[in-house]
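Counting starts at 1 for both ligands and their atoms, in listed order. This chain uses plain numbering: 1 for the first residue, then up along the sequence.
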Amino acid sequence: MKDLITLEEYIIQAQNKFPGATGELSQLLRDIGLAAKIISREVNKAGITNILGYEGSENVHGENVKKLDLFANEQLISALSRSNITCMVISEENEGIVRLSGEAGKYIVYMDPLDGSSNIDVSVSIGSIFSIYMRDDNNKKLSEEEALKPGTEQVAAGYVVYGSSTVLAYTTGMGVHLFTLDPSLGEFILNDSDVKIPEYGNIYSADEGSYNFWDPGLKKYVKYCQEIDADTQRPYKARYIGCMAADVHRTLLQGGIFMYPDSTKYPNGKLRLMYECNPLSFIIEQAGGLATDGNQRIMEIQPASLHECTPIYIGSKNNIEKFKEFFVEE
Ligand code: P6P
């Protein structure tokens, strides 16, 4: 028992290393952890409680919203409203900013409350992703413009994967910490307090069904991954879950590369910069990996709108560098 460290204990221990810490960011992370437990409970019994299926509306991207999307969104917004720490939330499920707690909180939270919704009805991994920024000036009137910050300004980020087990990963810029939910205790238990991504991996991850929509350079790179060469562990394995949080979590632990490129089908890519790519890039960079849009660091992109998309190539340092040899600088 003495070796077990809960998420709450770990957050407090980390906070105590910063004498000037107010405890607000710690409370924010604990609130997200609580919402994750509630979402995990619903995900694990979704088939029984008729929470599967479509709710009937569409989100800002014109995608059909599933009941569990809305449940997760409500739980996270509710959890973030518990304390006057978060002034506004930007969610995949809401077109504009969601103002919280009298707009007094000093943090801004971006989130994809349920990532990979298409997997819900077939019991394949889904996730939640969050990205946290600090306000520049608490006295200014809240605006969307204030939330348009590059990923380098994130103060914390993380994800939850609801899979064969429920895992939570977060970083505050001091390494990546991994926890697994023990349902019998109702606690996230620390797995690893400073996860590092392998420098090289033999797994590539992309929706190859879209191959004919891709740029020539990417096609050449994927053919390189499929060539036979024992010295470089090729052909690589192809793995694609259809949930970015789960694909990136596997990449964090086993190495390799995850790619969602721009294409003739998605000229700016499909994945959202602020609540999918930036938070997962923060995690992967903190673990020693790289994340690029092909031309620049994901986290250096200056956003022009809350829900904009970007191409993304993310993973092990050596895999990303090899990819860039094939990718023609646009
Ligand atoms: P496709 C889920 O909808 C998501 O936003 C990511 O989690 C995932 O990587 C991607 O889209 C899957 O997209 O086009 O393969 O269904």
Protein contact of atom 12 (C) of ligand 1 - nearest heavy atom, named by residue and atom, plus distance:
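For atom 12 (C) of ligand 1, the nearest protein heavy atom comes out as Tyr240 OH, 3.4 Å.
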To the nearest 0.1 Å, how far is atom 14 (O) of ligand 1 from its closest protein heavy atom, and which atom is that?
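Of the protein heavy atoms, Tyr260 OH, 2.6 Å lies nearest.
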Centre of [Y]'s six-membered ring, under 6.0 Å away, within 45 degrees of the axis: is that where NZ or CZ of [X] sits?
{"X": "Arg234", "Y": "Tyr224", "result": "yes"}
{"X": "Lys317", "Y": "Tyr200", "result": "no"}
{"X": "Lys223", "Y": "Tyr211", "result": "yes"}

Below 3.5 Å, N or O to N or O, backbone or side chain included: is there any such pair between [X] and ligand 1?
{"X": "Met244", "result": "yes"}
{"X": "Arg272", "result": "yes"}
{"X": "Ser117", "result": "no"}

Show me which atoms of ligand 1 lie under 4.0 Å from any heavy atom of [X].
{"X": "Leu271", "value": "4 (C), 5 (O), 6 (C), 10 (C), 11 (O)"}
{"X": "Asp115", "value": "2 (C), 4 (C), 5 (O), 6 (C), 7 (O)"}
{"X": "Glu276", "value": "4 (C), 5 (O), 6 (C), 7 (O)"}
{"X": "Phe258", "value": "9 (O)"}

Can you tell me how far the CG atom of Leu290 sits from the OG atom of Ser281, to the nearest 0.5 Å?
10.0 Å
Any Lys/Arg nitrogen of Glu208 or Arg239 sitting under 4.0 Å from an Asp/Glu carboxylate oxygen of the other?
no
Same cluster or not: Tyr10 versus Leu28, using hydrophobic residues (I, L, V, M, F, W, Y) connected whenever any side-chain heavy atoms lie under 4.5 Å apart?
yes
Would the number of heavy atoms belonging to other residues, nucleotides or ligands and lying under 6.0 Å from CD of Glu199 be above 12?
no
Using heavy atoms and a 4.0 Å limit, tell me yes or no: is Ser118 in contact with ligand 1?
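False for this residue.
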Heavy-atom gap Asp247 to ligand 1 smaller than 4.0 Å:
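No, that is not the case, since the closest heavy atom of the residue is not under 4.0 Å from the ligand.
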Evaluate Asp247 against Thr251 for side chain to side chain donor-acceptor pair (under 3.5 Å), listing each step before the verdict.
CA-CA 6 Å; Asp247 276 315; Thr251 306; over 6 Å; no
Pick, from Glu92, Met259, Lys265, Lys270, the option with the minimum heavy-atom distance to atom 16 (O) of ligand 1.
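Among Glu92, Met259, Lys265, Lys270, the closest heavy atom to atom 16 (O) of ligand 1 belongs to Lys270.
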